[in-house]
Each structure stands twice: as structure tokens, then as C-alpha cells.
Participant: 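Sending over a structure as C-alpha cells; questions will come in a sec.
Below, read A as the first sequence line, B as the second, and so on, with proteins coming before strands; counting in each chain starts at 1. All values derive from a computational prediction rather than experimental measurement.
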Amino acid sequence: MPQITLPDGTLRDYDEPVSPARIAADIGPGLAKAALGARINGVLTDLSTPIESDVELALITAKTREGTVDDEALFLLRHSCAHVMAEAIEELFPGTQLVYGPPVDNGFYYDIAFPDGSAVSSEDFARIEEVMKRIIKEDRTFTRYELPCSEGLEKLRAEGSKYKIDNAERAIEAGSDALSWYATGEPGTHWEDLCRGPHVPSTGKIGAFKLMSLASSYWHGDENSDRLTRVYGTAFADKKQLKQHLARLEEAQKRDHRILGRQLQLFTIDEQVGQGLILWKPAGAAVRQELQNFISEELTRQGYAQVFTPHIGKLDLYRTSGHYPYYQESQYTPIIDRETLGGLAAEGCSCSDLANRMDEGEIDGYLLKPMNCPHHIKIYASEQRSYRDLPVRLAEFGTVYRWEQSGEIGGMTRVRGFTQDDAHLFCREDQIAEEVQGCLHIVKLIFSTLGMSDYRVRVGLRDPDGAKYVGDPANWDRAEDACRTAAATLGVPFTEEPGEAAFYGPKIDFVVKDVIGREWQLGTIQVDYNLPERFGLEYIGADNQRHRPVMIHRAPFGSMERFIGVLIEHFAGAFPCWLAPEQVRVLPISEKSNEYAEELLAALLDRGLRATIDDGSDRIQGKVKVAADLKIPYLAVVGPRDAESRSVSVRAFGIDRNLGAVGFDEFVDDIARESNGRGETSLLTRFEETAS
RNA sequence: GCCACCGUAGCUCAGUGGUAGAGCACACCCUUGGUAAGGGUGAGGUCACGGGUUCAAGUCCCGUCGGUGGCUCCA
């Protein structure tokens, strides 16, 4: 006879099998009404799931006991809403086949195969939503029933949905001993879907929902397989939560680096220049230059040497490195000189011949470099190296070009030309651990200086079945071990992900999310035994023998483009003073104070600060508004009173009032100190009492 | 690359087959005003590009380019 332990420790005994729904009712009518599902021994279930033995039970309601939104409740609501949407779509679009409809972060989707010629469009959302509202209003019970596998498959085959048959077969393969369906109402009478559940008790529990967008997807994620239409929606327990969610999305959009990039004049992309090619405008270039200075100083401290290399290299270089054979699809096509090309044309050489002969090495051309490592390797190889010279650390802000698929390109986060804060360390095997530590130190320094704490660490390993990797498996094993060991010393949790390695070696990646929740890899550290081997790199050891160095590739920002794209969103465009494109704007109250304002501007510029003056004919209110829109950290308002007392009236971004006056020299000194110290000190401390 | 949606002034957007619009920005004039926009006047358009349907196309159809959201890919 089941004994039920509730989260607060209270016990309830029943002398027959019992459902969570009944237990909820026994506790109180309010809970019975609010309950959406249950957790039985930690497993999410329906409210109707029979309990036959002693269990720990938690009832799930829209809000937790602390009053926060319950994620599992949202999971149930959204999964259930996906069913309601599927029913509505099947009703409105006869002949559609359902594929797969799970809840996801922020909502749910359903992958649907529409019959030829009839696709859904977002203009159909309103009428789909109408049908969904009707189904929800009818408050039909989600009724679960099960069939043995063979019988269930029989039923699906009779219905003829290849996608559902496939789902069932996969479930059986994964060890299910029965197949389950959920009817939205009475089985046999109402709509139903093969589904493992769980669901909310009835459609009426879906408080608020909205269809969001359409996308296409591939069946099983395979681009050679069927193309499906993915309909995205979201659902919440009530209208208020939905409204808040939509407001949050709108808020997030304001932080979008593409929008801010235009508003703040940071960068532009011109279609005549090309997709995915960033034009850094003066303001964006200032931010980037500050970051490069920051990293350069640290490189010097850590014993790196900076180098410069060209943007192209001969194809043969990349045959040796393996980029050309292994990475060809992501490269711009090789550059072949006019004469060679003319000769080939005269011979009647076809495009496929040309490609083959380039692959074979019969024709050489130049490649726009997809990575910096081969050039740096050649710098290493240009001198004889002793074990005493190691590690050799070569750094370069190196620009690389990659042929990304057109549909993937967007903003600054996925581009076709970008500059890595790259470096390659050539070291002895016994130096790997220490060198990786040094790299991790830089990454951590960057994140902490910029106040970025919301990142995750991924150790990318090779996919055991993958064919895209170069090199000896034994080398791979050693390199993977080195990465694991290094990641473990970080003091942050990390995940190991097979298939995420580079083609030449495993890596430690730092991954952050953008405003719409997409993950981007920023910094990366890679241990590589393969390229030194392919290029025959050597050093002379203490034993007077030739040895092979190990290479570490590292880029703590990843690429300047992507990093700054993410950084714009991180700061919502309001850069701290040391990074801000314009650090101070001097605002004379009227022409009468222009001369004093010019003096202040000159003093600021003299200290290397990025400052401007707004001596236009606007009133001060207008000047302040314009400057605030540009998110300039400090405004120096000067009028006759300030000129009289040699002071500056300060206003800071985000603090919407005059902070008060400070002396001319103090102001300049404080800002310079704050800028040079990268935010370690703040002018605002002068106004502590009023600033907060 | 695939699917859906979108492309009108520098920017944000209105314009459902019949003479291209607004706000901001810009130029000029007035205003010299103490902390989130004082007032006036003016200039600014191959309605992404190319074809088609129509008496007539920003508007409807096809294609191309570009953007957005996903999918696939990703060093």
C-alpha cells in the first residue's frame, strides 16, 4: 500500500493505488486546481499516473513555493501546447504529417511535413491560434493510453505516417517496452498523437500562448533527408507571464549588436563589399584598438613576440598543413595568376580538370589564408631552435578568411573575414601544462576585466567516427589528455564534447550566449601534435638530438569581430570609460563658454583621451540628449559659472542628473586615471554620496 | 546551401493597382538657452536590382542580390 512522502516531509498513506491528482485533491481544492503535473521519485509525470508503491511525490504548479516560475511546469505547458497547435494545423491543413514536437528553451516547436504545394505562412498564425483557443476553451482532458510495441506499430502503419513509425521504431530501439499515445479528449473520438508525455491534465491549463515564427529543418537533422517546416510557439501559465516574456524579447532586441552597431556607428556591412565582411567605423575601431592594446600588454608580460604575416600563401603550404584537403569547403577558392589561367584555357582545361589538378598539386595558386598557423610555423622553422629557446611564442592579430555558408552569416558573430588575436606556442612536451596554464590565465583576465562571468567551458574532442581529422591517433590521445587536464585546473565546470575538435587537434573553448540565446565560441586553446609533424618542425635537445616540438594554438578573444559583437550586447552598447569610443564630450552651455570648453577639450586630448566638443547651437538639454543616445560615459558641462571657478559640471551615463562640479585638473586627472587603469578607479568615487 | 518572412529618404517606419509620405538626422535662418531635443525654412527617392502582367505597378507574378529567424555546417 503506497506511502507518499511530500517535499515538506509529510507522509500520506493510501490503501490502494492512487494518482497524484487525487493526492492533490486530498491536500486541498486549490492545489487540485493548480496542479499541472507531478514528480514521482524525481521523474516528471502526468497527474493521472498511478502510484502503486512508496514514493516521494512533488506536485508541480505554475509557480514554485518560492513564487518563481516553475521550469517543469513550463515544460508541461509547452509540450501540451505543441499538441494543441499540431491538432489545429492538421485541422486547417489536411494531409500534413507530424514529425516531432518538443518543448525547448523559451517555448516549443513542431516539425511538420506539409503536403506538396501547401506551405504554412506566418499569415496563417492568426487562424491557427483561433482554432487553438477553441481547443483550449473546450478544456479537453489529455488522455494517455498505451499499446504493446507490435500492436502500436501496426496501428501507425495502418495510419501511414512514416515519421511517427520512425519515432516509434527509435523509441523501441532505445528500450521502450510499450508505445504511448495522448488523446486530446476521448481516445478514438478526439485528436491524438504518439507521444511519451507527460502533459498537463487538460487543454484548459494552457493559460497563454503565441505562435512565434517559422523555420525549416531537416528530418533527423540530415540535409539530404526530407525538409520539414518547423513552427515555433511559446506558452505560459497566464497572460501576464507571456506579456513579460514578449517584453523581455523586445528589451533583448535593443541590445542586439547589429542594431547598436548602427546606432553607435561602430561598424557597417556593405553588400557591394561582400557578405560577412565587416567595415569597422572609427568608433568600433577605437574599441577594438583598446582591446588589442590590452591584450598586447599582457602578451609582452608573458614573453610573447608579435609578428606580422601576409593574408595569402601558396596552395602548397596548405597542402602540407592539411587545410587545403581537409578544409576546402570552408575556404575561398584559390587565386590563380592570369598567365597560368590563360594557358589552361588555351589547353581547353575544364573547371573540374582545374580543380583536380590543383588537388594533385600540378597547378599552384595562392590561398586567402583560412588560418594563421602555417605562416607562424614557417617563422619558427626559419631558425635553428634549441631546447633553451623553447617555448617560442609567436603572436599576431591575424586576419583570416573563410567561406561560410550564406545562410549562416550575420552581424559580427558569423563573418567571412575576421581577425584572430592569434598566437602559436612551440614547446617541449613537458612544457605543455604550464603553457596552457598561461593561456588560461589570459582568458580569465579578459573575462574578469570585462565583467563577463556568464560563459561555459567546452573541451572539444574528436568524433570517434569522424574522418575529417589529420594525424596519428596516439598523438590525438595525448593531446586530448592534455586538454582535459588543463581544463580540470580551471576551477570552472566544463563539458567534454566529442566531434567539437579542430581537424588537427582537440581544444578548450569558451562559449557565451548572445541576446537571443545563441551560443558562440569565443576564446579557444588547442593542443596540436600534428602540424609540427606535417611540417617536420624540430629543436635540438639537451641530448644534442633532434626533437619535435608540440604546438599550442590559442586565441583568447577568438576573433575581434565576434568578441566585440558579443561585448556590445554584454554592455548593451554602454562601454566602460576605458573602452568607450568617445570617453568624454564637452558641452558648453552657450557660445559664451566655448573658449573655456575648448581649453578643457585640449587638456583631455593631451592626455590621450577620446574626447569631443559639442559647440553647436542646441540648448544644453538637446546636447545632453544626443550624448546620452550615444551612451558616452562622461559629459563635461561647462558654462560661465564653471569658467569662473575653473570647474566642470559632470554628468555620467546611466545617472540621469548633474552630479555636481569638480575642478578642471581633478576632472582631467580622474578620467585619465580611470581610462589608463581600465576601470580600476572611477571618477564617480568623487560623487559617492550622490552617485548611488 | 535549405525553408519562411522581409527590402520605400542617412535612420525608424506609414503607404492593398491611380500624382511617393511622416518623425528623427542633414543644410540654412532665428534663438545663446545650466542637464534626456527651442522655433522656422529647405534639400533629400531608379520604392534593392532585372524581367513580366496591366491603360496604369512601391503595390500583383517570376528571377537575382541583400537582410532576419531557424535548419545544416563551423577552425
Participant: Could you work out the separation of rG44(B) and rA36(B) based on their C1' atoms and round it to a whole Å?
Facilitator: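 It works out to 28 Å between them.
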Participant: Using the C1' atom as the reference point in each nucleotide, state the distance between rU59(B) and rG21(B) in Å, no decimals.
Facilitator: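 About 15 Å, rounded to a whole number of Å.
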Participant: How long is the line joining CG of Asp614(A) and P of rU32(B), in whole Å?
Facilitator: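 Nearest whole value for this atom pair: 18 Å.
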Participant: May I ask you to evaluate whether Arg258(A) reaches the phosphate of rG67(B), defined as a side-chain N or O under 4.0 Å from OP1 or OP2?
Facilitator: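 No.
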Participant: Check whether any side-chain nitrogen or oxygen of Lys623(A) sits under 4.0 Å from OP1 or OP2 of rA36(B), and answer yes or no.
Facilitator: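 For Lys623(A), the contact criterion (side-chain N or O under 4.0 Å from OP1 or OP2 of rA36(B)) is not met.
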Participant: For Gly411(A), report the nucleic acid contact type (base, sugar-phosphate, nothing); a contact means any heavy atom under 4.0 Å.
Facilitator: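 Sugar-phosphate contact only.
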Participant: Report the distance from atom CD of Gln331(A) to atom P of rC74(B), rounded to the nearest whole Å.
Facilitator: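 Distance, rounded to whole Å: 14 Å.
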Participant: What is the distance, to the nearest angstrom, from the CD atom on Gln621(A) to the P atom on rA36(B)?
Facilitator: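 Those two atoms, CD and P, are 6 Å apart.
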Participant: Do the two ring centres, one from Tyr469(A) and one from Phe503(A), sit under 6.0 Å apart?
Facilitator: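 Tyr469(A) vs Phe503(A): aromatic centres not under 6.0 Å.
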Participant: Over 60° means perpendicular and under 30° means parallel, so classify the ring planes of His311(A) and Tyr401(A), tilted if in between.
Facilitator: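 Taking His311(A) first and then Tyr401(A), their aromatic rings sit tilted (interplane angle of 30° to 60°).
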Participant: Can you say whether the rings of Phe667(A) and Tyr634(A) are parallel (under 30°), tilted (30 to 60°) or perpendicular (over 60°)?
Facilitator: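 Plane angle over 60°, so perpendicular.
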Participant: Name the orientation class of the two ring planes belonging to Tyr232(A) and Tyr109(A) (parallel below 30°, tilted from 30 to 60°, perpendicular beyond 60°).
Facilitator: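 Plane angle between 30° and 60°, so tilted.
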Participant: Please measure how far the P atom in rC61(B) lies from the corresponding atom in rG66(B), and state the result in whole Å.
Facilitator: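 It works out to 22 Å between them.
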Participant: Just to verify, which of Lys378(A), Lys369(A), His375(A) counts as forming a side chain to side chain donor-acceptor pair (under 3.5 Å) with Thr309(A)?
Facilitator: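 One option only clears the test, and that one is Lys369(A).
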Participant: Verify the ring-centre separation between Tyr504(A) and His553(A): is it less than 6.0 angstrom?
Facilitator: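 Aromatic pair counts; centres sit under 6.0 Å.
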Participant: Any donor-acceptor pair, under 3.5 Å, between the side chain of Tyr218(A) and the base of rG1(B), if you only look at N and O atoms?
Facilitator: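 Result: at least one qualifying N/O pair found.
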Participant: Inspect the contact between Asp509(A) and Lys507(A) and indicate whether a charged nitrogen and a carboxylate oxygen are less than 4.0 angstrom apart.
Facilitator: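 Looking at Lys507(A) and Asp509(A), the cut-off is met.
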Participant: Tell me if the centroids of the rings in Phe267(A) and Trp280(A) come within less than 6.0 Å of each other.
Facilitator: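 No.
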Participant: Establish whether the base of rA36(B) is bridged to the side chain of Asp656(A) by a donor-acceptor pair shorter than 3.5 Å.
Facilitator: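 Flag set: donor-acceptor pair detected.
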Participant: Determine the contact category for Ala627(A): base if any of its heavy atoms lies under 4.0 Å from a base atom, sugar-phosphate if only primed atoms, P, OP1 or OP2 are that close, otherwise nothing.
Facilitator: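 No contact.
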Participant: Which whole number of Å gives the distance between the C1' atom of rU53(B) and that of rC60(B)?
Facilitator: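 rU53(B) and rC60(B) have their C1' atoms separated by 8 Å.
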Participant: Between atom CG in Asp270(A) and atom P in rG67(B), what is the gap in whole Å?
Facilitator: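 Checked: the CG to P distance equals 11 Å.
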Participant: Under 4.0 Å between a Lys/Arg side-chain N and an Asp/Glu carboxylate O for Asp166(A) and Lys162(A)?
Facilitator: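 No, no charged N to carboxylate O under 4.0 Å.
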Participant: As a test of reading the structure: which of rA36(B), rG34(B), rG33(B) is closest to the side chain of Arg651(A), going by heavy atoms?
Facilitator: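 Closest of the options to the side chain of Arg651(A): rA36(B).
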Participant: Taking only Watson-Crick and G-U wobble pairs with both distances under 3.5 Å, what dot-bracket line describes RNA chain B, where [ ] shows pairs that cross earlier ones and | shows pairs with another strand?
Facilitator: (((((((..((((....[..)))).(((((.......))))).....(((((..]....))))))))))))....
Participant: Checking only heavy atoms, does the side chain of Ser213(A) share a donor-acceptor pair with the base of rG70(B) at less than 3.5 Å?
Facilitator: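 Check fails, no donor-acceptor contact within cut-off.
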Participant: Could you give the distance separating rC24(B) and rA37(B) at their C1' atoms, to the nearest angstrom?
Facilitator: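 Nearest-Å result for rA37(B) against rC24(B) at atom C1': 10 Å.
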Participant: With respect to the side chain of Arg414(A), which nucleotide from rG67(B), rC73(B), rA37(B) is positioned closest?
Facilitator: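 Given the options rG67(B), rC73(B), rA37(B), the side chain of Arg414(A) is closest to rC73(B).
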Participant: Could you state the CG-C1' distance from Asp629(A) to rC24(B), rounded to the nearest angstrom?
Facilitator: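 Roughly 10 Å, once rounded to whole Å.
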Participant: Do the side-chain N or O atoms of Arg518(A) get closer than 4.0 angstrom to the phosphate oxygens (OP1, OP2) of rG70(B)?
Facilitator: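 So the side chain of Arg518(A) is within the cut-off, an N or O lying under 4.0 Å from OP1 or OP2 of rG70(B).
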Participant: When you measure from the side-chain N and O atoms of Arg619(A) to the phosphate of rA36(B), is any distance below 4.0 Å, counting only OP1 and OP2?
Facilitator: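 For rA36(B), neither OP1 nor OP2 has a side-chain N or O of Arg619(A) closer than 4.0 Å.
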Participant: By the 4.0 Å heavy-atom rule, please label Ile409(A) as base, sugar-phosphate, or nothing.
Facilitator: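 Sugar-phosphate, no base atom in range.
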Participant: In whole Å, measure the gap between the P atoms of rC6(B) and rG17(B) for me.
Facilitator: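 It comes out at 16 Å once rounded to the nearest Å.
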Participant: Counting side-chain heavy atoms from CB outward, which of rG1(B), rA4(B), rA36(B) is closest to Gln405(A)?
Facilitator: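 For the Gln405(A) side chain, the nearest candidate turns out to be rG1(B).
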Participant: Inspect the contact between Lys254(A) and Glu251(A) and indicate whether a charged nitrogen and a carboxylate oxygen are less than 4.0 angstrom apart.
Facilitator: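 Result for this pair is yes, salt bridge flagged.
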Participant: Is there a side-chain polar atom (N or O) of Arg262(A) under 4.0 Å from OP1 or OP2 of rG10(B)?
Facilitator: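 For Arg262(A), the contact criterion (side-chain N or O under 4.0 Å from OP1 or OP2 of rG10(B)) is not met.
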Participant: Looking for any heavy atom pair under 4.0 Å, which part of the strands does Thr524(A) touch: base, sugar-phosphate only, or nothing?
Facilitator: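 No contact.
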Participant: Roughly how many Å is it from CE in Met212(A) to C1' in rU68(B), rounded to a whole number?
Facilitator: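 Distance check: Met212(A) CE to rU68(B) C1' gives 14 Å.
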Participant: So, does Ser216(A) get its side chain near the phosphate of rC2(B), meaning an N or O under 4.0 Å from OP1 or OP2?
Facilitator: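 So the side chain of Ser216(A) is outside the cut-off, no N or O lying under 4.0 Å from OP1 or OP2 of rC2(B).
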Participant: Between Val650(A) and Met371(A), who's closer to the 5' end of RNA chain B by nearest nucleotide?
Facilitator: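 Result: Val650(A).
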Participant: Determine whether the aromatic ring centres of residues Tyr100(A) and Tyr163(A) are separated by less than 6.0 angstrom.
Facilitator: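 Not close enough - the centres of the two rings lie 6.0 Å or further apart.
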Participant: Using a 4.0 Å heavy-atom cut-off across all strands, classify Val626(A) as base, sugar-phosphate, or nothing.
Facilitator: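 If one applies the 4.0 Å heavy-atom cut-off, Val626(A) turns out to touch a base.
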Participant: Identify which nucleotide among rU35(B), rU32(B), rA36(B) has an atom closest to any side-chain atom of Glu591(A), counting heavy atoms from C-beta outward.
Facilitator: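 Per side-chain heavy atoms of Glu591(A), the pick is rU32(B).
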Participant: Say you pick atom C1' in rG45(B) and the same atom in rC55(B); how far apart are they, in whole Å?
Facilitator: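 These two C1' atoms come out 25 Å apart once rounded.
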Participant: Mind checking the C1' distance from rC13(B) to rC71(B)? Whole angstroms is fine.
Facilitator: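 It comes out at 31 Å once rounded to the nearest Å.
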Participant: Under 4.0 Å from OP1 or OP2 of rG66(B): is there any side-chain N or O of Gln275(A) that close?
Facilitator: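 Affirmative; the distance criterion is met.
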Participant: Measure CD/Glu519(A) against C1'/rC74(B) and give the value in whole Å, please.
Facilitator: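 Rounding to the nearest Å, CD of Glu519(A) and C1' of rC74(B) are 14 Å apart.
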Participant: By nearest nucleotide on RNA chain B, pick out whichever of Ala628(A) and Gly410(A) is the more 5' one.
Facilitator: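 Its nucleotide being nearer the 5' end, the pick is Ala628(A).
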Participant: I'd like to know whether the aromatic ring centres of Phe563(A) and Phe557(A) sit less than 6.0 Å apart in this structure.
Facilitator: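 Aromatic pair counts; centres sit under 6.0 Å.
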Participant: For Tyr232(A), which contact category applies under a 4.0 Å heavy-atom criterion: base, sugar-phosphate, or nothing?
Facilitator: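 The answer is sugar-phosphate, as Tyr232(A) gets under 4.0 Å only of primed atoms, P, OP1 or OP2.
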Participant: May I ask you to say whether Glu435(A) pairs ionically with Arg393(A), meaning some side-chain N is under 4.0 Å from a carboxylate O?
Facilitator: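 Here Glu435(A) pairs with Arg393(A) in a salt bridge, since their nearest N and O are under 4.0 Å apart.
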Participant: Just the rounded figure in Å: distance from P of rA36(B) to CD1 of Ile589(A).
Facilitator: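 Value for this atom pair: 11 Å.
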Participant: Near RNA chain B, counting only heavy atoms under 4.0 Å, which residues of residues 630-643 of chain A show up?
Facilitator: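 Residues of residues 630-643 of chain A under 4.0 Å from RNA chain B: Val637(A), Gly639(A), Pro640(A), Arg641(A), Asp642(A).
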Participant: Hey, is the side chain of Arg227(A) poking within less than 4.0 Å of OP1 or OP2 on rA4(B), counting only N and O atoms?
Facilitator: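 So the side-chain polar atoms of Arg227(A) never come under 4.0 Å of the phosphate oxygens OP1 or OP2 of rA4(B).
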